Amino acid sequence: MFSLIDGNNFYVSCERVFNPLLEGQPVIVLSNNDSSVIARSNEAKDLGVQMGVPYFQIKSFLEEHNVKTLSSNYALYGDMSQRMMNILSTFSDEIEIYSIDECFLSLNGFERWDLLEYGKEIRQTVLQDLGIPTCVGIGPTKTLSKVANHLAKKMSRKDKTASGVLLLDTEEKWKEALKQTKVEDVWGIGRQYAKKLHSYQITHAFDLARVRRAWAKKHLGGIVGERIIEELNGTSCIEMELVPRPKQSICVSRSFGKIVTELGELSEAVSTYASKAAEKLRTEETVAAVLSIFIQSSQHKTNPFNAGITITLPSPSSDSRILAHYALEGLRKIFKEGIEYKKAGIVLNGIVSAKYQQTQLFEERPSNPALMKVIDKINKRWGQGSVFLASNGTTQEWQMLSTMRSKRFTTRWKELPVVNCK
DNA sequence: TCTGGGGTCCTAGGACCC
DNA sequence: TCTGGGGTCCTAGGACCC
């Protein structure tokens, strides 16, 4: 048996832990640059605020209905996520962290326990120790545990007293669950496939479970589609991934907080993203062989501008200075005057373990892992950005907006609220 | 004025090899 | 006129996830 546990409206719940005044209020969290809605409290959902809508389109509606609006605070959510996963990992030896707010726990060998009770205990513990409400779905396959979780969530939204736990341990139970699940809510069925399925009158997960494997193979992306059908029928074919696989690519990209036209400002951004990408490599103890850069104007214009270049490094590296150097060299090649740039990004590929790093005998720009280690240490001890490349710039006026961000309570001493205990 | 960011997997098709 | 068969590798594109 598999269980899937995820935080309800995770980002909003994290904010509520540190600001209880948000409890019971409609709350939303915006994406980077305060662009669009990426998390909503139940109250905000009830008001009809949709996921992904641009903020500017609904700003006045939000004010009118007194919706508390927050910029995203990834430092906080990431830290809360770690805490949640730590708690959850005490409930099973086999945990797969699937995303910032959800994980699978294998319940293999737990079959003789009362799994419904166990689910409730998991939920209660996270709520009590961390303050984050969750839902727990349990089923014989990962896909069915997702279905269970989805229904548990739906039920607890409708009925505040619902347990937030759903166990699908018999065929009758999961068939009933599939009848109540829309096809687009099945794990692995996105917009395109849902549209196609609807055109074949396949509207619910129950119908989907009954299509032939060959049909699924033809219409739902080959083997991926076949697996979905198998899993909906109770045959597990997606295993737990207990050890996170090393990343095959690392991407750092951001929209700017204002229009950028000058090469100088663009260079600061590209240099900053390159150092950030290098930091990510170093935390995974990997190096990258290939670096790509892209720059874009707003994509919502009639003639959006896109340019990019891919560079193979002389030898794989995770040295911020080297990545920034080649990134800037690439940038100068693709930069065009007279464009209103809105976004830039760095993508790293050809990632291998730093242990197997090949070096050139006569390297023009040798990596300096020891130096990088010291920099990382300083930044960890004294806070991000204590030491940085000069080419990142000091003013960074292009930085994204996040004017409504809460404090980084759990990761910055300086941002801990001061309580006056008179 | 203002529309996120960071990933994954799979397939098809072309180039190339013997 | 006939014009194999099987393999690998790479890339682009399309779908998906949260």
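What you are looking at is a predicted structure, and each value in this text was computed from that prediction instead of being measured. The sequence lines fix the lettering, A, B, ..., with proteins before strands; numbering per chain opens at 1.
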Is Lys343(A) near enough to dG5(B) that one of its side-chain N or O atoms lies under 4.0 angstrom from OP1 or OP2? yes
What does Lys146(A) touch in the nucleic acid at a heavy-atom separation under 4.0 angstrom: a base, only the sugar-phosphate, or nothing? sugar-phosphate
Using only side-chain N and O atoms of Ser298(A), determine if any of them is under 4.0 Å from OP1 or OP2 of dC2(B). no
Roughly how far apart, to the nearest Å, are dC18(C) and dT3(B) at atom P? 25 Å
Remember a base hit wins even if backbone is also touched, and classify Lys342(A) as base, sugar-phosphate or nothing at under 4.0 Å, heavy atoms. sugar-phosphate
Tell me whether the side-chain N/O atoms of Arg245(A) come closer than 4.0 Å to OP1 or OP2 in dG7(B). no
So, is Arg254(A) close to the dG6(B) phosphate, meaning a side-chain N or O under 4.0 Å from OP1 or OP2? yes
Can you confirm whether Lys407(A) is buried at NZ, in the sense that more than 12 heavy atoms of other residues, nucleotides or ligands lie under 6.0 Å from that atom? no
Categorize Asn32(A) for me: base, sugar-phosphate, or nothing, with a 4.0 angstrom heavy-atom threshold over every strand shown. sugar-phosphate
Near DNA chain C, which residues from residues 186-212 of chain A have a heavy atom under 4.0 Å away? Val186(A), Trp187(A), Gly188(A), Ile189(A), Gly190(A), Arg191(A), Gln192(A), Tyr193(A)
Would you mind reading off the distance between Asp185(A) atom CG and dC17(C) atom C1', rounded to a whole angstrom? 14 Å
Determine which nucleotide pairs with dC10(B), using a 3.5 Å limit on both distances of a Watson-Crick or G-U wobble pair. dG13(C)
Check every strand shown and say whether Val53(A) touches a base, only sugar-phosphate, or nothing at a heavy-atom separation below 4.0 Å. nothing
Under 4.0 angstrom, heavy atoms only, what part of the nucleic acid is Ile223(A) near: base, sugar-phosphate, or nothing? sugar-phosphate
Please check the phosphate of dT1(B) (OP1 and OP2 only) for any side-chain N or O of Lys301(A) closer than 4.0 Å. no
What contact category does Lys280(A) fall into here, base, sugar-phosphate, or nothing, at under 4.0 angstrom with non-hydrogen atoms? sugar-phosphate
Are the side chain of Arg405(A) and the backbone N or O of Ser72(A) linked by a donor-acceptor pair below 3.5 Å? no
Determine, using ring centers only, whether Phe110(A) and Phe91(A) are less than 6.0 Å apart. no
Students often get this wrong, so: under 4.0 angstrom with heavy atoms, is Ser72(A) touching a base, only sugar-phosphate, or nothing? nothing
Is any NZ, NE, NH1 or NH2 atom of the basic residue among Glu241(A) and Arg245(A) found under 4.0 Å from an Asp or Glu carboxylate oxygen of the other? yes
Identify whether any heavy atom of Asp101(A) sits under 4.0 Å from a base atom; if not, whether one sits that close to sugar-phosphate; answer base, sugar-phosphate or nothing. sugar-phosphate
Given dT3(B), dG7(B), dC18(C), which nucleotide is nearest the side-chain atoms of Glu102(A)? dC18(C)
Check this for me: does any side-chain nitrogen of one of Lys146(A) and Glu102(A) sit under 4.0 Å from a carboxylate oxygen of the other? yes
Does dG5(B) have its OP1 or OP2 closer than 4.0 Å to a side-chain nitrogen or oxygen of Ser255(A)? yes
Using a 4.0 Å heavy-atom cut-off across all strands, classify Ile250(A) as base, sugar-phosphate, or nothing. sugar-phosphate
Pick base, sugar-phosphate or nothing for Tyr98(A), based on heavy-atom distances below 4.0 Å to the nucleic acid. sugar-phosphate
For dG4(B) and Gln299(A) - does any side-chain N or O of the residue sit under 4.0 Å from the phosphate oxygens OP1/OP2? no
Check whether Phe206(A) forms a cation-pi arrangement with Lys179(A) (NZ or CZ under 6.0 Å from the six-membered ring centre, at most 45° off the ring normal). yes
Taking 4.0 Å as the cut-off, does a side-chain nitrogen or oxygen of Lys142(A) come that near to OP1 or OP2 on dC17(C)? no
May I ask you to check whether Phe409(A) and Phe18(A) place their ring centres under 6.0 Å from each other? yes
